[in-house]
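Accompanying notes for the structure given below.
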Amino acid sequence: MAGSFNFGEWISARSVIGDTLCEIGEKNEKLFVCTPDVGMNLKGFRQKFPERYIDVGIAEQNCVGVAAGLALAGNIPVIMGMLPFLSMRACEQVRTAVCYQNLPVRIIGTGGGLTSGGGSTHNAMEDLAIVKSMVNMTALSICDPNMIRDILNLSMDYPGPMYIRLAQGKKDRQLYEPGTVEFSIGGSVTARDGKDITIIAHGEMVGEALDVAEELKNENIDVRVIDMYTIKPFDKEAVKKAVDETGKIIVWEDHLMSGGLASSIADYFVDEQIRPAAFKRFGIPQVYAGFGSGEELRQKYGYAKEHVIKAIREMA
Amino acid sequence: MANKEEVLRLENLAYEMRKKLINLCGVYEGSVHIGGDLSMTDLLIGLFHHGLNVDPNNIQNPNRDRFILSKGHGAVCMYIAMAMRGFFDYDEIVRTYGKLDSAYGMHPCKVQLPGVECSSGSLGQGLSMAVGMAISAKVKKEGHRVVCMLGDGETCEGSVWEAAMTGRSYELGNLVAVVDRNCQMMCSYTEEITVMDPYADKWKAFGWNVIEIDGHDMNAIVDALDSLPPASSARPTAIIAHTIKGKGVSFMEKVVGWHAGSLNEEDFKQALVELAANYGREE
């Protein structure tokens, strides 16, 4: 990242992606970038590597199929697009062309949760439930705009398909000073340590959870925040440790309450007979949300900061 | 014009292949997609035994032509055409087809069966993958072709036409779509359900170089494959092969019920008699 680092400053994850793809493209000839007409931040790559920039127009199914073909020919295609259309319009291509053949296609998109501002057509609120269910798929949800640089670099040597979820990607809050946190595919970050209760979050909810933890510090409630940026396979050790050390667990995500990370963790508790002292989840109820900002919609549908704070006070 | 001896050789292979298909259909307890297998038998013989640059002893050869079977339900037809070329063992196919742990399933799986370029079975997805492979070959300046076999029925899928547009836009002269235009789907005749004619005009309108042939005329198949524009040219080619579903067996030809099925003893014998009458040659 250029310039000095200011914690909490907002930068665009999309521009970091554009820059990173250019950097990787220089040293890795296998990298192709594919998009169904969502290439605003890929202009640099397009200029530098016009032959390896494939814009198929507004055709997600074809985009994923073409990427699968590029991967079959030994390349590493990165698809950049809007998540609801990549995960749903092209769902079967992702499942059958990419996952069944276990191809190293990377699907990166924006619109995770209720952040798109475009209404229910443009909100990816069920995407993790969908892609998590696909055999061979690795799924990540990125909060910190700089994290995407490391993840993209790591993904070049990672086998099999990968799905990477962003919020809007236009203006993202920096949570970690570049170079201070080591990310790994399959890993998590304990963004804040605490001993009374743990919030496990991903994507934009990590920053929100850190705000909640800061506020509750004044009430002598010590909140741990885990940034579970790998959704599948998630970091079970970190979850187990949180249960052992803090007892109470909250999972907070900008995704349907059912089918996302909370469901994965609940499955884990059932399978391993792990009994946290308390377990609660916050996310999107069964509703097609209307219009409004992400924060407004979180308030409307009961998974904003105030709801989480209230729940923690009751659990403490 | 195609070499006469070569055409005769290929015609004999196609006859052998029809017998092998009928044999499998008679032996296998389950259902075989025999109708669409018999409609593309001549095309697959033309491809695997004449047109495609492939080598069963070097299946990873980077210069090989790539073949994608988008109509994946015709897998066994491809397995047999490839077995006759030396890729697989026909007896093993007959012995294990569709059984637990067999690599030879109803739809091809590249993970389980090396030599197959691409897993398929969900219709309408093959051409996009072929486009991706052709783009890669073009960018890397590899001279080989990518050939994708589609059923006409699956071209109801919109994704086929998305891929057709990309093939033209990226000027993929190394891409060839072969359409098995047998005018039938599983439950109906295409024109009764989804009007596809004028069929070749659709591909022309998408900017493709179009060759129309009788898909059972080996002379025409060889001519079409021999006269493809250079892989470095700007337009992809669609070979529209007019075919008959169930070709060679009278009670299967153009009969909707024979999209897939199995043969009882009597039909099995009758089918072999008919194949001999239609394709057998006096020694």
Side-chain angles (χ1 to χ4, degrees), chain A residues 25 28-37 45-46 48-79 81 85 89-105 134-136 159-161, chain B residues 60 62-68 70 72 105 107-114 116-142 144-148 157-172 174-175 206:
Chain A
N28 193 337
E29 290 198 341
K30 289 182 178 176
L31 176 68
F32 276 71
V33 175
C34 306
T35 184
D37 188 40
F45 190 90
R46 183 182 186 175
K48 273 190 166 171
F49 313 105
E51 289 193 317
R52 289 191 274 143
Y53 177 77
I54 311 297
D55 185 343
V56 301
I58 306 159
E60 289 79 13
Q61 297 177 65
N62 184 39
C63 190
V64 174
V66 168
L70 287 165
L72 283 167
N75 305 293
I76 303 173
V78 171
I79 298 173
F85 315 122
R89 177 72 63 93
C91 178
E92 202 204 350
Q93 275 81 357
V94 174
R95 183 267 193 186
T96 301
V98 175
C99 289
Y100 175 42
Q101 300 193 94
N102 201 14
L103 298 173
V105 173
M134 295 178 183
V135 176
N136 290 332
Chain B
Q60 293 299 331
N63 299 321
R64 71 192 186 281
D65 288 333
R66 310 302 201 266
F67 178 79
I68 289 182
S70 191
H107 302 100
C109 176
K110 80 173 281 285
V111 178
Q112 293 181 41
L113 188 59
V116 166
E117 298 286 357
C118 169
S119 302
S120 58
S122 172
L123 296 174
Q125 297 193 9
L127 192 60
S128 290
M129 290 189 270
V131 165
M133 293 167 102
I135 289 173
S136 179
K138 185 175 174 174
V139 170
K140 294 174 183 168
K141 299 186 171 51
E142 298 165 347
H144 64 79
R145 290 182 203 278
V146 181
V147 178
C148 180
E157 299 276 5
S159 53
V160 172
W161 302 102
E162 296 177 5
M165 283 191 277
T166 306
R168 171 67 188 95
S169 305
Y170 282 81
E171 302 191 332
L172 302 176
N174 56 355
L175 175 64
F206 277 72

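Quick caveat, the model's predicted, so the values are computed rather than measured. All chains are named by letter (A, B, ...) in the order of the sequence lines, taking the proteins before the strands, and each is independently numbered beginning at 1.
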Item to check | Nearest heavy-atom neighbours spanning B:Pro108 and A:Tyr100 | outcome: O-OH, 4.5 Å
Next on the checklist: Is A:Ile58 close to chain B through its backbone or its side chain, or both, or neither, when contacts mean heavy atoms under 4.5 Å?
Outcome noted: neither
Next on the checklist: At a 4.5 Å cut-off on heavy atoms, which part of B:Ser169 comes close to chain A: side chain, backbone, both, or neither?
Outcome noted: neither
Next on the checklist: Could you check whether any side-chain heavy atom of B:Met165 comes within less than 4.5 Å of a side-chain heavy atom of A:Asn62, counting everything from C-beta outward?
Outcome noted: no
Next on the checklist: How about CZ on A:Arg52, more than 12 heavy atoms from neighbouring residues, nucleotides or ligands closer than 6.0 Å, or not?
Outcome noted: yes
Next on the checklist: Heavy-atom cut-off 4.5 Å, strictly under: side chain, backbone, both or neither for A:Asn102 against chain B?
Outcome noted: neither
Checklist entry - Step by step, would you call B:Met129 with A:Gln101 a side-chain contact (heavy atoms from CB on, under 4.5 Å)? => result CA-CA 12 Å; B:Met129 290 189 270; A:Gln101 300 193 94; 3.3 Å; yes
Next on the checklist: For the interface with chain B, which of A:Leu72, A:Thr96, A:Val64 has the highest count of heavy-atom pairs at distances below 4.5 Å?
Outcome noted: A:Leu72
Next on the checklist: Can you confirm whether A:Arg46 is buried at CZ, in the sense that more than 12 heavy atoms of other residues, nucleotides or ligands lie under 6.0 Å from that atom?
Outcome noted: no
Next on the checklist: Please rank B:Val146, B:Val160, B:Val131, B:Val139 by heavy-atom pairs under 4.5 Å with chain A and give me the top one.
Outcome noted: B:Val139
Checklist entry - Would one find more than 12 heavy atoms of other residues, nucleotides or ligands at under 6.0 Å from atom CZ of B:Arg168? => result yes
Next on the checklist: Tell me the closest heavy-atom pair linking B:Ser136 and A:Asn75, and the distance in Å.
Outcome noted: OG-ND2, 2.8 Å
Checklist entry - Please walk me through it: do A:Val56 and B:Glu162 pass side-chain contact (heavy atoms from CB on, under 4.5 Å)? => result CA-CA 8 Å; A:Val56 301; B:Glu162 296 177 5; over 6 Å; no
Next on the checklist: Could you walk me through whether B:Ser128 and A:Gln93 satisfy the side-chain contact (heavy atoms from CB on, under 4.5 Å) test, starting with their C-alpha distance in whole Å, then the side-chain angles of each, then the deciding distance to 0.1 Å, before giving a yes or no?
Outcome noted: CA-CA 10 Å; B:Ser128 290; A:Gln93 275 81 357; 6.0 Å; no
Checklist outcome for this item: Okay, B:Glu117 and chain A: the region with an atom under 4.5 Å from a heavy atom over there is backbone
Item to check | Which atoms of B:Ala130 approach chain A - backbone, side chain, both or neither, heavy atom under 4.5 Å | outcome: neither
Checklist entry - So which part of B:Lys140 gets closer than 4.5 Å to some heavy atom of chain A, the side chain, the backbone, both or neither? => result side chain
Checklist entry - So, for B:Ile135 and A:Phe32, which heavy atoms are closest and what is the spacing to 0.1 Å? => result CG2-CE2, 4.2 Å
Item to check | Considering all heavy atoms, the nearest A:Tyr53-B:Tyr170 contact | outcome: O-OH, 3.8 Å
Next on the checklist: Keeping A:Gln61 on the side-chain end and B:Ser159 on the backbone end, is there a donor-acceptor pair under 3.5 Å?
Outcome noted: no
Item to check | Contacting moiety of A:Glu29, where chain B heavy atoms sit under 4.5 Å | outcome: neither
